[in-house]
Amino acid sequence: MIPLNWLVALSAIVFTIGVVGVLVRRNALVIFMSVELMLNAANLAFVAFANHMKSLDGQIFVFFVMTVAAAEVAIGLAIIVHLFRLRETVFVDEIHLLKG
Amino acid sequence: MAELWSNPAVQSLTWALVKVLIILQALLGAVSYLIYAERKICGHIQARTGPNRVGPFGLLQPIADGVKLLFKEEFIPAQANKVIFHLAPILAVAPAIVTFSVIPMGPPPMFVVTDINVGLLLFLAMSSLGVYAITLGGWASNNKYALLGGLRASAQMISYELAMGLSTIPVILYAGTLSLVGIVERQGGWYHVVTLPWSLPGLGAELWLPNWGIFHWYLVIPFVIFLITAFAETNRAPFDLPEAEGELVAGFHTEYSSMKWALFFLGEYMNMIVISSIAVTLFFGGWHGPGLMFGTHGWFSPGPPWMGLVWYLVKLGALMFFFIWVRWTFPRLRYDQLMGFGWKVLLPATIVNVLIAALWLYARGAGG
Amino acid sequence: MTIALFVGFAALLVVTSLMVILHRNPVTSALFLVLAFCSLAGIYLLLHAEFLGMVQIVVYAGAIMVLFLFVIMYLNLQHDVESGVQIALRRGIGWLAGAGLLLAGATLLGRGLALGPAAEVSPDQASGNVAAIGKALYSRYLFPFELTSVLLLVAMVGVIVIARGRARSPREDA
């Protein structure tokens, strides 16, 4: 039996790494990957609590989060590819105009 | 030592490790002779004799090939991404070996390494990891042809994976479990098809069929689709576009030589064995066969457990022969044909099939 | 045994996710993220969530990350160039914020989780059971489940519209 505290701490660490990744990097793809890290950290917390409470609800929530993440990645990558076609860059600090 | 051995966990772990070792060696041996078989069959299809110089009937050819590959000079392109270039061939072999841990090769517990309740999902997960080997190998080589081959491979394998996953769903509906051992066990025995108006000698008027997946009408089309997607997932002809030698100069493994190239080759053949094993498990009743299957109906009686292994190997061999046969008989598809076929024919067909199977099983009543 | 495996997977998870944000080459970042997802799948297995562990590999490692790699290769991205005062400043702020967040988390965890003791296993809900998850999805969670299918459909349509670029208007055709 893994202590719940360890799992929550691990989840917090991974979430923080994701946050730092979003703040530090300027490549839109890496930022996107960091967002995925954050989502997965939340998933880990869900599974940990589901295991602790011996209930399936947490796991089902994770299932939904995964579905949403898949949809989000598909859309996000399409937007990034489209941006690259327009601006020839994936660096977010070079994409600062609303009108293309 | 004795008390350590009496611990059941230690015992099962040891047995699992022994089985893993045996399977690993058997797989390597099987792959080398599969390549020999492929060259022989190809030769006879093309009215040649195939390898016949090394040993009687060329039977030592795989060993000669292995020695040659080991001693070949290894070439790494100057601009290649070294780490990923080395990683890709390993990734080609590893998922196939992992999948073998859940394939039932005979009645449990003797001939099964482990039986988990998500065995089929493990197979799908590992086959989805197979994309990385080819994509990364192609990308890290820093070569146009290799990159094109890698990109083709990733698009092709993702597209056909969907149809493959969906084509296994009717089997899951039929068996009611994701455990591969459970699926095979569900296919034991006979089922009554129809009462014939006349009487067959020795059999009577009742027509019975083995309970294998393939003998249920709603699992025939899923089997055909599974087989087609299996060709695509293993990058075999007629879907060998990632390595189309005519247009891409061998595609993703253009820059690979020596043992790294051999690992890609090994991976392809291991994937063939794995995917055929899954087909045997899902559609051909796994270890069931005369001598061991079927319960005690008719003239078949239960036999010793090792008969199960024999039957599994016979069915596997037949499917492997089919794989080789198809490769040397069909021309390669064009890329747009491949994509169109995957998305516009196979995918809708599998979805309709899931519906039909679900409705049929529901109409017959749950658990019927 | 479980604890040892957990510590191994957790260490792998933390190291690989750090490498995701530290490595300059996007392809390497993506590969480390695949490794992170796989170790997370391992942790799920240890937590008796076998179904989720496998789905994690199928969906994240098998589909999402392949998509990422595909896009990175398609755009032919090389190592990121990151230099200059502005970027150094932003990096400093980012790591400070991260440290603050971690500190806040540690403080909260230090107070202890007000959760009470672990629940007993109810026989029909042995967690990680594929059948149990399926039953729950198709009964209690049927409506959200159907909604996700609509969501996926919308995403699919959206991606096709975005990827095709600006649709040709009748004016341009003339």
*Asks:* Between OH of C/Tyr74 and CG of B/Leu151, what distance do you get to the nearest 0.5 Å?
*Replies:* 10.5 Å
*Asks:* Go through C/Asn25, C/Val34, C/Thr28 and name the one with the most non-hydrogen pairs under 4.5 angstrom from chain B.
*Replies:*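 Option with the top pair count is C/Val34.
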*Asks:* Checking B/Leu121 against chain C: side chain, backbone, both or neither under 4.5 Å from a heavy atom?
*Replies:*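 For B/Leu121, the contact with chain C is made by backbone and side chain together.
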*Asks:* With chain B as the partner, which of C/Leu69, C/Val58, C/Val27 has the greatest number of non-hydrogen pairs under 4.5 Å?
*Replies:* C/Val27
*Asks:* I need the minimum non-hydrogen distance between C/Ile57 and B/Ala125, along with the two atoms involved.
*Replies:*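 In this case the closest contact between C/Ile57 and B/Ala125 is CG2-CB, 3.7 Å.
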*Asks:* As an exercise: rank B/Leu129, B/Leu136, B/Leu87, B/Ile84 by heavy-atom pairs under 4.5 Å with chain C and give me the winner.
*Replies:* B/Leu136
*Asks:* I need the C/Leu31 CG to B/Tyr132 OH distance, nearest 0.5 Å.
*Replies:*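 Spacing of CG (C/Leu31) from OH (B/Tyr132) equals 7.5 Å.
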*Asks:* Tell me, side chain or backbone of B/Ile158 under 4.5 Å from chain C's heavy atoms, or both, or neither?
*Replies:*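 The side chain, not the backbone.
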*Asks:* Can you name the nearest heavy-atom pair linking B/Ser128 to C/Gly62, along with the distance?
*Replies:*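 Taking B/Ser128 first and C/Gly62 second, the nearest heavy atoms are OG-CA, 3.6 Å.
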*Asks:* Quick one: pull up CG in B/Leu147 and CE in C/Met73 and give me the separation to the nearest 0.5 Å.
*Replies:*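 If we round to the nearest 0.5 Å, B/Leu147:CG and C/Met73:CE are 7.0 Å apart.
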*Asks:* Quick one: do C/Glu50 and B/Ile116 satisfy side chain to side chain contact (heavy atoms under 4.5 Å, CB included)? Show the steps, please.
*Replies:* CA-CA 9 Å; C/Glu50 294 94 350; B/Ile116 57 173; over 6 Å; no
